[in-house]
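Hydrogens, waters and symmetry mates play no part in the numbers below; they use all other heavy atoms, side chains included. Computed from a predicted structure; not experimentally measured. Residue numbers begin at 1 in each chain, while the letters A, B, ... track the order of the sequences.
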Protein chains: 2
Amino acid sequence: MFISKTSEYALRILTYMALNNETQFSAQSLYEELEIPKRYLMRLLTDLSKSGFINATRGRSGGYVFARPIETIYFSEIINSVEDLQSFEGCVLGNSVCPVDKPCALHHIWEKPKQAFLETIKTTTLADLLL
Amino acid sequence: MFISKTSEYALRILTYMALNNETQFSAQSLYEELEIPKRYLMRLLTDLSKSGFINATRGRSGGYVFARPIETIYFSEIINSVEDLQSFEGCVLGNSVCPVDKPCALHHIWEKPKQAFLETIKTTTLADLLL
DNA sequence: ATAAATTAATACTTACAGGTATTATATTGT
DNA sequence: ACAATATAATACCTGTAAGTATTAATTTAT
Ligand code: SF4
Ligand code: SF4
């Protein structure tokens, strides 16, 4: 598991586009490169457009370009736009409120890798791919 | 996301039992402590029993006890018994085979937190909770 | 023996993520 | 103007994880 399939798709799309930012991509061209079911890909693209990552232009020579500089687009934001990042924050055991007084041993055990994950996605932008 | 709800349940059950290993727990008593839908909990318990973590005894004063010393039960094994741990190993972008020649930048970015996560669950046992 | 208390097996239902289909809308080359 | 080529909106379908229901099997106290 880790992240949802839709998150994977969103990352795949935007990281691919980031390699040639400035360039305009059509849904068709993205479909040919990335292995994502076409209609689902198209729906996702309008979602990403609504989320403000990319701008869509319709019509004969339309397509998608980044709406913002890729230096400002964090992985956490991408993931959060298609699934709830909050679900990564909570208790490993899925307790919405911690049932014990002081943190159980499992809490500490999980804390390190969880923080490593969250830190990474919160501090890394699409631009970092090009380094 | 991170891990499935069923994994959360399995961990919640076994970590709770580990606090008083040797003790026998009935499904009823576990239901009263842990917040897991009763019937689902009961089915999970027989699954965990089949997986060899716990032994079930039926009948009037039946219940569940650990089938093995908790020093030998790794979190990875618990999770793997209810969902496929393999799905944590692969490419972040969900590519079954990596489409590029040499690791893309995202690969390195993800590698650290992923390894931290996998390392932890592979090296930690239920007994470590009691430390 | 019988009844009560437990787990086991099996099948069914529900909710939701993922995927598909259809129709509408916008842009542009001719 | 019109046809061609894009994206947008909306509704529907599907597969799977999660949850529920029913009945069977096992053990033990009385
Ligand atoms: S202390 Fe344990 S039970 Fe409480 S929130 Fe942390 S992991 Fe969950
Ligand atoms: S290099 Fe990039 S595309 Fe290839 S497996 Fe790693 S993350 Fe996936």
**Study point:** Residue B:S4, side-chain atoms from C-beta onward, closest of C:dG19, C:dA8, D:dA18
**Key:** D:dA18
Practice item. Classify the side chain of B:R43 and the base of D:dT20 as holding, or not holding, a donor-acceptor pair under 3.5 Å. Key: yes
Check your understanding: Is a side-chain donor-acceptor pair under 3.5 Å present for A:S4 with A:S7?
Key -> yes
Point to revise | Donor-acceptor contact below 3.5 Å, side chain A:R12 vs main chain A:E35 | key: yes
Point to revise | Residues, nucleotides or ligands: over 12 heavy atoms within 6.0 Å of A:F88 CZ | key: yes
Revision key, fill the gap. Out of D:dT28, D:dG19, D:dA8, minimum distance to the side chain of A:Y64 belongs to D:dA8
Exercise for review: Return the 5'-most residue of the pair B:T57, A:A27 with respect to DNA chain D, ranking by each residue's nearest nucleotide.
Suggested key: A:A27
Check your understanding: Which nucleotide sits closest to the side chain of B:K50: C:dA9, C:dT6, D:dG19?
Key -> C:dA9
Check your understanding: Side-chain donor or acceptor of B:R60 under 3.5 Å from a matching atom on the base of C:dT6?
Key -> no
Review point. Between D:dA8, C:dG19, D:dT22, which nucleotide gets closest to the side-chain atoms of B:R39?
Key: D:dT22
Check your understanding: Once you build an axis from the first five pairs and another from the last five of the helix from C:dA1-D:dT30 to C:dT30-D:dA1, how far apart in angle are they, to 10 degrees?
Key -> 10°
Practice item. Please work out which of the three classes, parallel, tilted or perpendicular, describes the rings of B:F117 and B:F2, given edges at 30° and 60°. Key: tilted
Practice item. Before accepting this row, confirm whether a basic side-chain N of the pair B:E119/B:K114 lies closer than 4.0 Å to the acidic partner's carboxylate O. Key: no
**Study point:** Selected nucleotide, minimal atom distance to A:T6 side chain, candidates C:dG18, C:dA8, D:dT7
**Key:** C:dG18
**Study point:** Nearest-nucleotide 5' precedence on DNA chain C, A:L41 against B:T46
**Key:** B:T46
Point to revise | Exam field: side chain B:S51 to backbone B:D47, donor-acceptor pair closer than 3.5 Å | key: yes
Point to revise | Nearest listed nucleotide, side chain of A:S61, among C:dT28, D:dG19, C:dA8 | key: C:dT28
